[in-house]
Protein chains: 2
Amino acid sequence: MAGIKDVAARAGVSVATVSRVLNGHSGVRDDTRSRVLSAMAELRYRPNAVARSLRTDQTRTLGLIISDVLNPFFTELARAVEDAARSRGYSVVIGNADEQLALQDHHVRTLSDRRIDGLLVSPADGDSAVLREAVRSGIPMVFVDRWIDGLDVPVVRADGREAVRDLVAHLYALGHQRLAIITGPVATTTSNERVDAFRSALCEHGLPLPAPYIGQGDFRTASGRRVTSDFFGLPEPPEAIFATDNLMALGVMDELRRRGLRVPDDMALAAFDDIAWFPHTDPPVTAIAQPTAELGHRAVAALTDLVEGRSADSVTLSAHLIPRRSCGEDERSRR
Amino acid sequence: MAGIKDVAARAGVSVATVSRVLNGHSGVRDDTRSRVLSAMAELRYRPNAVARSLRTDQTRTLGLIISDVLNPFFTELARAVEDAARSRGYSVVIGNADEQLALQDHHVRTLSDRRIDGLLVSPADGDSAVLREAVRSGIPMVFVDRWIDGLDVPVVRADGREAVRDLVAHLYALGHQRLAIITGPVATTTSNERVDAFRSALCEHGLPLPAPYIGQGDFRTASGRRVTSDFFGLPEPPEAIFATDNLMALGVMDELRRRGLRVPDDMALAAFDDIAWFPHTDPPVTAIAQPTAELGHRAVAALTDLVEGRSADSVTLSAHLIPRRSCGEDERSRR
DNA sequence: ATACTCGATGTAATCGATTCCACGCGTGCA
DNA sequence: TGCACGCGTGGAATCGATTACATCGAGTAT
């Protein structure tokens, strides 16, 4: 493949000049510039981004580490991130951590080795030495959706507390008293926030949240099935389940269907994260929607600020409840 | 950040020796090796992949260009690709073409400039000069799912003809006579294959496929809504709609719900590509499932063969019908 | 003792760009 | 006429690795 030297030779100039026209520097005579340009065209020259990166120490690439590509929330986020990045002239490389620390570490290492300009992370469960080391090394980084306490990294996220309170009120108004929740991995901030908000909202209504009603999930479908099954093993199973993400809600539905049970009659269901299919499920599931695309855009804005030497602040947006029919009928959702 | 020279200095050896231990070459005395190793650890040295790539002319990175990240089929594919690639020591960078030629071209150019080792493409509609140029330039490439005729590039895909025939037979047995289809972009091979198979299966049953029953879609949700709406503008609307991908099926359901119509009573529905939510929609939708993960694995196997100098053949797997209730009840799907 | 081999290591070229500095030449001003 | 200046351009160092080739010392065969 043709290199800058070939272009220089063909245009009868030095590589320095070719480089200048390549980068749009001024101070190249017009006729020289056009000679270079046509040499490039004739040779179908394309600059080698690897060489350029080595020299300039920037790759114009952002890394995005998400917890699960199969989760529509994250894929929507990824899409928004890519759009925002592209419009700023960056590419994005996605690493799928699959909710596993080891995989997450693998990706932060690989991406750092590739010298990406900045890293967007939605950290998996647990504390990662590799991630801490990465921030210590000074890579521009911002957390999206989830974060790790005690690290001086801006966080772009949606606060779901208010929406969870609304949800509990909704459930309560519909007459449900025994409310259970399925959590994400223990150390994820989003999971903890949702559980805390759930517990205190319950408390406001004078409802308890007994330990067996807190099902330990991991944000993946299978855990939704398992926890649901466990709930039915209880002497007094709950009347409603709040799945803290959409994949676990799917698991709940799988298990319910396997047992021949119906939503909401046999069990009410609500999910965190709204997805396109929820209006069409049987019944439509009430969910808490996050401003996913905006999360992605803001995260990229913050990260590019950091990358380009500006400072960046954390941003907190908010989520909202979308009542449908999976918790029962009330005046709002009936038609 | 520490470089190879720093390590060499600290270990009291030359950079050549450091490089040798880095790459596991033999012919380094054990004590030298361990001196180097501890120097690396002390400096938290990480090799610069950019520099290495420049020198060795390989990036250990594969590109994957898909038509739409929001389509669960492609995200499942992406996930399988990433897994397979990682286990072979490659990273993958995903480009989302969003069914737009211009975006696809942007990504093939960007990825080529970055000198990725090979490219996996599920080409968007239409003929791309940029893509042709890329294959002509000799980048190892394989097509997944979709392909472009006339290019000497291996194709890894699933043949859906048989399954489409089964689907038509299923529909026919259920008493539907006026069958319509929603296509993808005109030049996509998968769309054409599905339409052709649909037409000839119809023919086998002595059924016509009038032009107005061929709705022009683009594999995205909005087009499913639009085409469905058009169908209802017909003097004689169809009784069944076959959406050639899952996103358009979602669009059909959106539109049907907007009109207050029910599946399958008012309209039967089937989709190409099975997704996890289909068993839970109202009603569960009949779909044709592809061996998505295997597609991804085989594609990576073929591509790495090419990258590593071996030859690669096309592979064709097959899809199969999963009858549920969205086309009506028969002995197979009733329970 | 001489020459030769072999193992361990170092020196320097190289990959393809960017960029600092210097150079030559024409112009304007003293 | 001489000098400074600016413009357009070229030469060469540089980024951080890999690797062909050179070197050096010790051991071995003759």
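Hydrogens, waters and symmetry mates are skipped; everything else that's a heavy atom, side chains included, is used. Lettering follows sequence order; numbering is per chain, from 1.
As a whole-Å value, the separation of A:R33 CZ from D:dC7 P is 15 Å. Across the protein-nucleic acid pair, B:R52 atom CZ and D:dC15 atom P stand 19 Å apart, rounded to whole Å. Between the P atom of D:dT18 and the CG atom of A:L54 lies a distance of 12 Å, rounded to the nearest Å. Between B:K5 atom NZ and D:dA13 atom P there is a gap of 14 Å when expressed in whole angstrom units. In this entry the distance linking CG of B:D6 with P of D:dC15 reads 11 Å, nearest Å. Spacing between atom CG of A:D57 and atom C1' of C:dA17 amounts to 14 Å, rounded to whole angstrom units. Rounded to an integer number of Å, the gap from A:L22 CG to C:dT18 C1' is 10 Å. The CZ atom of B:R114 sits 16 Å away from the C1' atom of C:dG16 (whole-angstrom rounding).
Side-chain N or O atoms of A:R146 include one that pairs as donor or acceptor with a backbone N or O of A:P123 at under 3.5 Å. Formation of a donor-acceptor pair under 3.5 Å by the A:R35 side chain with backbone atoms of A:A11 is found in this model. No donor-acceptor distance shorter than 3.5 angstrom exists from the side chain of A:T190 to the backbone of A:D145, with no hydrogens or angles considered. For the pair A:E76 (side chain) and A:T292 (backbone), a donor-acceptor distance under 3.5 Å is absent. At distances below 3.5 Å, at least one donor-acceptor pair connects side-chain atoms of A:R115 with backbone N or O atoms of A:S112.
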Please list, for nucleotides 5-8 of chain C, all pairs of protein and nucleotide N/O atoms separated by less than 3.5 Å.
from	atom 1	to	atom 2	distance (Å)
C:dA8	O3'	B:R29	NE	3.4

Would you tabulate the nitrogen or oxygen pairs shorter than 3.5 Å linking the protein to nucleotides 19-27 of chain D?
none

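Of the charged side-chain nitrogens involved, none lies within less than 4.0 Å of a carboxylate oxygen, so that B:R220 and B:D245 do not count as a salt-bridged pair. Under 4.0 Å is where a charged nitrogen must lie from a carboxylate oxygen, and between B:E308 and B:R60 at least one such pair does. Between A:D127 and A:R132, at least one side-chain nitrogen of the basic residue sits less than 4.0 Å from a carboxylate oxygen of the acidic one, meeting the salt-bridge criterion. Look at A:R79 and A:D83 and you find a salt bridge, because one of the NZ, NE, NH1 or NH2 atoms lies within 4.0 Å of a carboxylate O, short of that distance.
When heavy atoms are screened at a 4.0 angstrom cut-off, A:V50 is found touching no nucleic acid atom at all. Looking at heavy-atom distances under 4.0 Å, A:V18 makes no contact with the nucleic acid at all.
Ranked by how close their nearest DNA chain C nucleotide is to the 5' end, B:G12 and B:A51 are led by B:G12.
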